[in-house]
Engineer: 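To start, I am sharing the structure in question, which I have written as structure tokens.
In this chain, residues are counted from 1 in sequence order.
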Amino acid sequence: MNSPTPALVTQSGARRLPRVSLLLLCAAYVLPGLVGRDPWRSADITAFGQMVAIAEGRTAWWAPTLGGVPADAALLPHWLGAAFIAATAGFVEPALAARLPFALLLVLVLALVWYTTFHLARTDAAQPLPFAFGGEAAPVDYARAIADGAVLALMATLGLLQLGHETTPELVQLFAMGLFMYGLAAAPYRHGPSRAAVLAALPLLAGSGAPAMAVAAGLGGLVIAWKSRYPQVRAFAWAVAAATVAAVLMGLVLGAWRWRAHGLGLGDLPGIARQWLWFLWPAWPLALWTLWRWRRHLSFRHISVPLVPVIVALVTNLAMSGSDRALMLGLPGMAVLAAFALPTLKRSTAAAIGWLSMFFFTLCALTIWVVYAALHTGVPAKPAANVAKLAPGFEPTFSLLALLLAAAGTLAWLWLVRWRTGRHREALWKSLVLPAGGVALCWLLLMTLWLPLLDYARSPRPWVKRISALVPAQACIAAPGLPPATVAALEHMGRWRVDAGPAAMDGPCRYAMQVTRSQPLPPAPAGWKLAGTARRPTDRGEFTLVYRRQLTR
């Protein structure tokens with residue numbers, strides 16, 4: 001016999017979020033940053049550099065390299081970006097072309113979270129208690145309201161904000177995990193699509209660089225299918241088993257099986273705990289509340305299905321000593337769990353979440369506007385001086401379109417605050433509207449008002465421009481041991497030929513490069529002469545040493 005559900009929801013509380021409002025909020029979250037910016041340092045430029053090298057024929061599709069050194073084993077995401085770059089060559093800038101399919105994947109992740117939650121909320125165990133005299137929420141209306149809350153919870157989660165807007169393999173992994181979760185959730189209702197989703201999701205996850213997580217998720221899905229109270233879900237177990245085997249084979253064929261785990265020490269735990277606190281905010285307190293309030297329902301589908309990706313991501317994060325990119329794969333499941341806390345929250349708790357979000361994001365937006373005004377007018381003087389100190393050499397540029405978009409987003413935020421406090425107070429998703437809207441607002445402001453500054457600070461282009469004063473165009477640069485992100489920036493933005501192999505200094509290149517933080521600077525290698533040094537505008541401690549080969553007579 002099922003335990004009584006803790007959810008009490010009236011029909012008025014199960015009203016859905018207006019579709020136009022939800023779509024506009026999703027657009028404000030997904031679209032900013034799509035156009036007009038460079039790939040940023042580290043993983044973003046590394047993945048893009050590999051994609052553009054494949055598309056331009058500078059490296060092989062099956063065994064790509066950067067600077068002659070084998071690159072990341074996550075082939076499927078790099079093929080996706082390279083295919084879009086090659087297909088749109090000549091009329092779409094490569095960085096935008098690579099970004100387009102990943103923006104679409106982010107949209108699909110939001111959609112998959114909605115449909116996953118919708119199907120899970122339709123199960124009998126997830127439905128609210130019926131009232132003695134009627135008036136409880138209709139099953140479908142309740143499921144829609146919970147699904148709206150899950151999408152808002154995902155957009156409000158801080159960890160997805162930057163990583164979800166990059167062109168890295170982890171976004172394909174996120175999509176694959178969301179697709180797998182949807183397949184498990186839809187199994188009782190959509191037999192064909194659910195099987196197709198699972199059979200595609202796990203091999204895609206493995207081919208995107210996470211085969212171990214694919215196998216772990218598949219094993220968790222098998223347990224859920226075998227123990228399900230639905231006969232059609234128990235019959236669905238063969239599809240999960242086949243997908244798990246396919247994931248193993250896909251990882252072997254594409255060479256994705258790599259040991260990425262690092263030793264976890266006790267000294268790592270405080271940092272990982274802090275990471276979880278901010279990365280999973282505000283979904284984690286709601287998810288914990290769900291596990292407590294629905295603790296007698298942990299074996300039921302609406303709790304066990306989202307728990308699979310959450311547990312897999314948390315364990316992988318620990319095994320990889322706090323990898324935020326592994327942790328990101330648990331966000332869809334965390335958002336679904338957070339949504340099921342909504343029908344059990346007290347009104348005072350929901351109001352506290354709203355007020356806290358209103359003050360926090362309003363303050364963040366005000367800070368962004370103040371710094372923007374200081375950059376263009378010099379008033380107030382202190383923020384302008386701080387920017388000049390942290391980003392020396394930056395010259396602000398004015399864009400009327402960016403200003404209008406930022407103003408429109410700010411007005412929309414003020415309207416949203418007014419709307420949230422004045423109407424729909426009984427809607428289930430009410431407590432997550434302001435957190436999701438605040439994240440979307442701040443991202444919009446950063447990608448409009450602050451985009452030139454962020455591009456200057458995080459793009460390798462200013463650094464490459466300084467290198468170009470020391471190295472002629474089309475030259476060959478020996479750069480043994482240089483990070484892949486640096487090699488990708490030199491190859492794409494500088495158009496130099498880079499040899500990053502261990503024996504590069506003995507090769508034919510006339511120029512060489514070394515990055516150091518030591519003072520005084522190390523002496524030039526034998527046979528080389530220091531041609532000059534360059535520094536990144538926002539990193540004063542790192543020096544790039546450029547050497548020129550000494551020609552012997």
Engineer: If only atom types and distance count, is the side chain of Thr344 paired as donor or acceptor with the main-chain N or O of Ala341 below 3.5 Å?
Structural biologist: yes

Engineer: Would you mind reporting whether Leu434 and Phe361 have side-chain heavy atoms less than 4.5 Å apart?
Structural biologist: no

Engineer: Heavy atoms only: give me the nearest Thr367-Trp450 pair and the separation to one decimal.
Structural biologist: O-CZ2, 4.4 Å

Engineer: Measure across Trp40 and Ser459 and return the closest heavy-atom pair with its distance rounded to 0.1 Å.
Structural biologist: CD1-N, 4.1 Å

Engineer: Can a donor-acceptor pair be found, under 3.5 Å and without considering hydrogens, that links the side chain of Thr410 to the backbone of Ala406?
Structural biologist: yes

Engineer: Between Trp413 and Thr362, does a side-chain hydrogen bond (donor to acceptor under 3.5 Å, both in side chains) hold up when you go through it step by step?
Structural biologist: CA-CA 9 Å; Trp413 167 253; Thr362 300; 3.1 Å; yes

Engineer: Say whether, by atom type as modelled, one donor and one acceptor occur between the side chain of Arg15 and the main chain of Ala145 under 3.5 angstrom.
Structural biologist: no

Engineer: Donor-acceptor pair, Arg420 side chain versus Lys430 backbone, under 3.5 Å?
Structural biologist: yes

Engineer: Can you name the side chain to side chain contact (heavy atoms under 4.5 Å, CB included) partners of Ala243, sequence neighbours left out?
Structural biologist: Val198, Leu199, Leu202

Engineer: Could you tell me whether a side-chain N or O of Gln127 sits under 3.5 Å from a main-chain N or O of Ala121, the two making a donor and an acceptor?
Structural biologist: yes

Engineer: Under 6.0 Å from the six-membered ring centre of Phe236 and within 45° of its axis: does the NZ or CZ of Arg195 meet both?
Structural biologist: no

Engineer: Side-chain contact test, heavy atoms from C-beta onward, threshold under 4.5 Å: evaluate it for Arg190 versus His119 and give yes or no.
Structural biologist: yes

Engineer: Among Ser431, Pro282, Pro435, which one satisfies side-chain contact (heavy atoms from CB on, under 4.5 Å) with Ser357?
Structural biologist: Pro435

Engineer: Would you find a donor on one side and an acceptor on the other, under 3.5 Å apart, between the side chain of Gln275 and the backbone of Gly322?
Structural biologist: yes

Engineer: Under a 4.5 Å cut-off applied to non-hydrogen side-chain atoms, are Val233 and Leu184 in contact?
Structural biologist: no

Engineer: Atom CG of Leu158 and atom CG of Leu280: how far apart are they, to the nearest 0.5 Å?
Structural biologist: 9.5 Å

Engineer: Which heavy atom in Leu432 sits nearest to a heavy atom in Gly149, and how many Å separate them?
Structural biologist: CD1-O, 3.3 Å

Engineer: Could you walk me through whether Leu307 and Leu291 pass the side chain to side chain contact (heavy atoms under 4.5 Å, CB included) check?
Structural biologist: CA-CA 10 Å; Leu307 263 181; Leu291 296 179; 4.3 Å; yes

Engineer: Can you check side chain to side chain contact (heavy atoms under 4.5 Å, CB included) on Val223 and Val308, steps first, answer last?
Structural biologist: CA-CA 10 Å; Val223 173; Val308 169; over 6 Å; no

Engineer: Under 6.0 Å from the ring centre and within 45 degrees of the ring axis: does the NZ or CZ of Arg295 meet both conditions for the six-membered ring of Trp292?
Structural biologist: yes

Engineer: On a heavy-atom basis, which atom in Ile45 and which in Pro39 lie closest, and how many Å separate them?
Structural biologist: CD1-CB, 3.8 Å

Engineer: Leu337 and Ala287: which non-hydrogen atoms are nearest, and at how many Å?
Structural biologist: CB-CB, 3.9 Å

Engineer: Would you compute the distance between atom CG of Asp324 and atom CG of Asn317 and round it to the nearest 0.5 angstrom?
Structural biologist: 8.0 Å

Engineer: Find the distance between CG (Leu152) and CG (Leu25) and round it off to the nearest 0.5 Å.
Structural biologist: 6.5 Å

Engineer: For residues Gly36 and Leu451, report the shortest heavy-atom separation together with the two atoms involved.
Structural biologist: O-CD2, 3.6 Å

Engineer: More than 12 foreign heavy atoms under 6.0 Å from CZ of Phe118: is that the case here?
Structural biologist: yes

Engineer: Okay, side chain of Ser323, backbone of Met320: is any donor-acceptor separation there less than 3.5 Å?
Structural biologist: no

Engineer: Would you say that Tyr372 contacts Leu403 through its side chain, given a criterion of any heavy-atom pair below 4.5 Å between the two side chains?
Structural biologist: yes

Engineer: Kindly confirm or rule out a cation-pi arrangement of Arg229 over Phe300, judged by NZ or CZ under 6.0 Å from the six-membered ring centre and within 45° of its axis?
Structural biologist: yes

Engineer: Rounded to the nearest 0.5 Å, how far apart are OG1 of Thr290 and CG of Leu342?
Structural biologist: 7.5 Å

Engineer: Supply the atom-to-atom distance Met328 CE to Met177 CE, rounded to the nearest 0.5 angstrom.
Structural biologist: 10.5 Å

Engineer: For a 4.5 angstrom cut-off between non-hydrogen side-chain atoms, does Thr168 reach Thr46?
Structural biologist: no

Engineer: Report the C-alpha separation of Trp429 and Val151 in whole Å, then their side-chain angles, then the decisive distance to 0.1 Å, and conclude whether the side chain to side chain contact (heavy atoms under 4.5 Å, CB included) test is met.
Structural biologist: CA-CA 10 Å; Trp429 36 261; Val151 174; over 6 Å; no

Engineer: Would a 4.5 Å heavy-atom cut-off, applied to side chains only, mark Thr116 and Val113 as touching?
Structural biologist: no

Engineer: Do the non-hydrogen side-chain atoms of Phe175 and Leu204 ever get within less than 4.5 Å of each other?
Structural biologist: yes

Engineer: Check whether Gln173 reaches the backbone of Ser208 with its side chain - one donor and one acceptor, N or O, closer than 3.5 Å.
Structural biologist: yes

Engineer: Can you tell me how the ring of Trp294 sits relative to the ring of His297, calling it parallel under 30°, perpendicular over 60° and tilted otherwise?
Structural biologist: perpendicular

Engineer: Mark yes when over 12 heavy atoms from residues, nucleotides or ligands other than Phe360 sit less than 6.0 Å from its CZ; otherwise mark no.
Structural biologist: no

Engineer: Give the intermediate values and the outcome of side chain to side chain contact (heavy atoms under 4.5 Å, CB included) for residues Leu345 and Leu286.
Structural biologist: CA-CA 9 Å; Leu345 287 180; Leu286 293 175; 3.9 Å; yes

Engineer: Can you tell if the side chain of Pro77 reaches within under 4.5 Å of the side chain of Glu170, non-hydrogen atoms only?
Structural biologist: no

Engineer: Per the side-chain hydrogen bond (donor to acceptor under 3.5 Å, both in side chains) rule, what does the pair list look like for residues 142-164, sequence neighbours excluded?
Structural biologist: Arg19-Asp148, Trp114-Asp148, Gln162-Glu166

Engineer: Please confirm whether the ring centroid of Tyr29 lies under 6.0 Å from the ring centroid of His165.
Structural biologist: yes

Engineer: Would you give the length of the straight line joining atom CD1 of Ile146 to atom CG of Leu428, rounded to the nearest 0.5 angstrom?
Structural biologist: 5.0 Å

Engineer: Under the salt bridge (Lys or Arg N to Asp or Glu O under 4.0 Å) criterion, do Asp44 and Arg37 qualify, and how do the steps go?
Structural biologist: CA-CA 12 Å; Asp44 198 20; Arg37 71 175 179 93; 3.7 Å; yes

